[in-house]
2 protein chains.
Amino acid sequence: MNAPAPRRTRIQQEKRELILEAALEVFSMHGFRGSTIDQIAEAAGMSKPNLLYYFRRKEEIHETLIQRLLDTWLAPLRELDDVGDPLTELRSYIRRKLEMARDYPRESRLFANEILQGAPRIMPLLEGELKSLVEEKVAIIKDWMRAGKIVRTDPWHLIFSIWATTQHYADFDVQVRAVLGPDLGGEGRFEDAARFLEQLFLDGLKPKASPN
Amino acid sequence: MNAPAPRRTRIQQEKRELILEAALEVFSMHGFRGSTIDQIAEAAGMSKPNLLYYFRRKEEIHETLIQRLLDTWLAPLRELDDVGDPLTELRSYIRRKLEMARDYPRESRLFANEILQGAPRIMPLLEGELKSLVEEKVAIIKDWMRAGKIVRTDPWHLIFSIWATTQHYADFDVQVRAVLGPDLGGEGRFEDAARFLEQLFLDGLKPKASPN
DNA sequence: CAAATTTTTGACCGGATGGACAAACGTTAG
DNA sequence: CTAACGTTTGTCCATCCGGTCAAAAATTTG
């Protein structure tokens, strides 16, 4: 399906990296249609034709960005496995997702933009890779429920709500900071969010009968 | 500050309404920059110059849409008051928000688009009206906590997480449906989500000591 | 009906934007 | 030095898009 990755010199690699970094900044802020090649070129410190020497089309930059994003984006969920204690596993999943919202807000917004617009470029991936990954993790969670390790609830919507609450702090960051104001909206907001989410999910999920 | 609303004939009102309906469809899908006047005009069944006879600029449509949206959008939160039982109040707030995600997904996406792009047009409103509304409701929630009606937790992030989880079903609807698949992703998904969220928030918030 | 007013449309304009291209520039290898 | 190759840039083009305008069509008013 994919063409073989062409050989590239070290300089080409670096320039392409520079462009991708700049494009991430621009795309995540203005969306695909709202961003211009000129903006990206300027952010990357080069001229438009020069940028087009490294990426032939605007879409090519976007595609590369999205593709690269998805690998790192799903990593936390991939790491969720059934070897550890369920509550510990879920806690560190939530924490990792929140850390990603804090450390990679641009990636999160790029993804959000894509989904908002109907996911035209990644629909197959959502229905394929993502769907089966979630199914795999849902199975694990169901096992935990059957074993009485966590309360019975809907595992799909549990995952959705973890996604929603954590990504909210990246995608809606402007709103969060505006509402919290200067006092509460500083860097500490992620600590507060982490504490809150841990309490929300883990107290909500902890079995009432025999808390061990 | 605002110019007085000009007198309009019934026909003008209807046409403007038609245009706003079409624009909501288009803007919520492609964002402001990604939408063209031609698209909106075609969706409204009229020519571009004709549309521009009713709205002089593209921005004017968008502003009208956003302004109208915000009133209805914050209505559920406004209704949250301290007269009823706290858990009942929160339950119906969550339910109303989820119903809005189900019944007005385009409005939700329009709002999400605006926030994602840094809220350039509504920042003052976020820092003003929204902030003080949230502060007001945070005070109520704090009272409930002091009175032992609900567990102590961070009221700001409680509100954020209600926003995040409910709006997720509108903004990320494509992803939700893709992951759930045809079986689970039907209309029942909102019922499932409602049940899950109620359990998540209310069990998580219910005081452990004396549940009454 | 006829004048006045409102609504609709085709044609057009100017600027922005994605992209092409050839020439210039720089670097490396013989 | 110079030929070959990789990189950079100025210029240009076609298209898209927001918005204008005058004239035609429809509607209302007298």
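Here is how names work: the chains are called A, B, and so on, in the same order as the sequence lines, proteins then strands, and each is numbered from 1.
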Mind calculating the distance between [atom1] ([X]) and [atom2] ([N]) to the nearest angstrom?
X: Leu52(A); N: dT7(D); atom1: CG; atom2: C1'; answer: 14 Å
X: Asn50(B); N: dG19(D); atom1: CG; atom2: P; answer: 16 Å
X: His62(B); N: dG19(D); atom1: NE2; atom2: P; answer: 13 Å
X: Gln12(B); N: dT6(C); atom1: CD; atom2: C1'; answer: 8 Å
X: Tyr54(A); N: dT7(D); atom1: OH; atom2: C1'; answer: 6 Å
X: Lys48(B); N: dC13(C); atom1: NZ; atom2: P; answer: 14 Å
X: Phe55(B); N: dG19(D); atom1: CZ; atom2: P; answer: 13 Å
X: Leu51(A); N: dT17(C); atom1: CG; atom2: C1'; answer: 14 Å

Could you check whether [X] pairs with [Y] (Lys NZ or Arg NE/NH1/NH2 to Asp/Glu carboxylate O, under 4.0 Å)?
X: Arg195(A); Y: Asp192(A); answer: yes
X: Glu107(B); Y: Arg102(B); answer: no
X: Asp173(A); Y: Arg189(A); answer: yes
X: Arg106(B); Y: Glu21(B); answer: yes
X: Glu198(B); Y: Arg95(B); answer: yes

So, the side chain of Lys58(B) versus the backbone of Ser35(B): is there a donor-acceptor pair under 3.5 Å, distance only?
-> yes
In terms of the nearest nucleotide of DNA chain D, which residue is placed more toward the 5' end: Pro49(A) or Tyr53(A)?
-> Tyr53(A)
Contact residues, residues 22-39 of chain A to DNA chain D [heavy atom, < 4.0 Å] | Arg33(A)
